Amino acid sequence: ATAVVADRLGLWLLIRFISLRSLALHRRMAGGNNRIVVHGLNTAENCRTPMSIADALISFCVFDVSRNPLRLRARVPGDRYWSLTCYGIDTTNFFSLNDQQLAPSANEEVTIVICGPSQRYQPGGRDLVVHAPAAQGLLLIRVLVNDPADEVEAEALLRVQRLATVDLVL
């Protein structure tokens with residue numbers, strides 16, 4: 001029984017260590033918490049983002065909702081795979097949304113408000129409210145590029161990705 005407990009504790013500590021290191025790396029890349037970074041086209045050579053997929057444009061934000069909820073606004077290209085996924089500090093995927101669930105028209109805006117464990121938020125309009133299990137985590141936005149060799153398509157999608165914003169709800 002002691003060996004099982006020690007094994008589980010060791011595994012938990014390892015996952016926690018890797019997760020904290022990954023968040024720290026992404027936080028440095030972003031210049032702090034609650035800042036969205038458009039990473040660009042994901043390739044085997046430049047992939048630093050966890051849970052990524054090939055031939056996708058990746059944006060990420062290390063969030064901290066310990067004091068206030070965080071509002072994300074993003075445009076969803078209507079003609080390709082798009083997803084937004086939120087991970088807790090323990091790597092738990094606690095929220096996922098994709099283009100199939102939204103069925104938006106081209107470039108429809110979605111607004112998602114991430115609240116900390118004890119926070120409340122009264123949604124306005126079409127806001128989606130998500131309750132994070134912990135105050136810190138990582139959100140990823142992925143957009144599939146149909147033809148990575150098509151620079152015009154990739155640049156058009158990058159322009160859409162750059163429209164994403166995050167701000168604290170005061």
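These numbers were taken from a predicted model, which means no experiment stands behind them.
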Supply the atom-to-atom distance [X] [atom1] to [Y] [atom2], rounded to the nearest 0.5 angstrom.
X: Ile89; Y: Gln136; atom1: CD1; atom2: CD; answer: 4.5 Å
X: Leu70; Y: Cys115; atom1: CG; atom2: SG; answer: 9.5 Å
X: Glu109; Y: Leu72; atom1: CD; atom2: CG; answer: 9.0 Å
X: Asn68; Y: Asp167; atom1: CG; atom2: CG; answer: 10.5 Å
X: Leu128; Y: Thr111; atom1: CG; atom2: OG1; answer: 8.0 Å
X: Leu139; Y: Phe63; atom1: CG; atom2: CZ; answer: 6.5 Å

*Quick check: does any side chain N or O of Gln119 sit under 3.5 Å from a backbone N or O of Gly116, one acting as donor and the other as acceptor?*
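Flag set: sc Gln119 to bb Gly116 pair under 3.5 Å.
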*side chain to side chain contact (heavy atoms under 4.5 Å, CB included) assessment of Leu140 paired with Leu138*: CA-CA 7 Å; Leu140 295 177; Leu138 179 74; 4.0 Å; yes
_Partners passing side chain to side chain contact (heavy atoms under 4.5 Å, CB included) against Arg80 (at least two apart in sequence or in another chain)_ =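 Applying side chain to side chain contact (heavy atoms under 4.5 Å, CB included) to Arg80 gives Pro77, Val143, Asn146, Glu153, Leu157.
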_Partner set under side chain to side chain contact (heavy atoms under 4.5 Å, CB included) for Val130, not counting sequence neighbours_ =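 Side chain to side chain contact (heavy atoms under 4.5 Å, CB included) list for Val130, sorted by chain: Phe94, Phe95, Ile112.
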*Assess whether atom CD of Glu151 is packed by more than 12 heavy atoms of other residues, nucleotides or ligands within 6.0 Å.*
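Not more than 12 within 6.0 Å, no.
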*Linking Ile, Leu, Val, Met, Phe, Trp and Tyr by side-chain heavy atoms under 4.5 Å, what else ends up with Val169?*
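Reading the cluster by chain and number, Val169 sits alongside Val113, Tyr121, Val129.
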*Between Arg71 and Asp127, is the closest basic N to carboxylate O distance under 4.0 Å?*
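No, no charged N to carboxylate O under 4.0 Å.
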*Taking the side chain as every heavy atom from C-beta outward, state whether Leu57 and Val38 have any atom pair closer than 4.5 Å.*
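With C-beta onward as the side chain, the pair stays apart.
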*Heavy atoms only: give me the nearest Ala135-Pro117 pair and the separation to one decimal.*
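Nearest pair, atom of Ala135 first, then Pro117: N-CD, 4.1 Å.
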*In terms of hydrophobic clustering (I, L, V, M, F, W, Y; side-chain heavy atoms under 4.5 Å; direct or indirect links), are Ile141 and Leu163 co-clustered?*
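No, it is not one cluster - the side chains of Ile141 and Leu163 are not joined through contacts under 4.5 Å.
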*With no hydrogens and no angle check, do the side chains of Ser83 and Tyr81 hold a donor and an acceptor under 3.5 Å apart?*
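Side chains of Ser83 and Tyr81: pair found under 3.5 Å.
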*Scan side-chain atoms only and decide if Arg142 and Ser59 contain a donor-acceptor pair under the 3.5 Å cut-off.*
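Judged by distance alone, the side chains do not pair up.
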*Just do the side chain to side chain contact (heavy atoms under 4.5 Å, CB included) check on Val160 and Trp82 with the steps written out, would you?*
CA-CA 12 Å; Val160 172; Trp82 174 94; over 6 Å; no
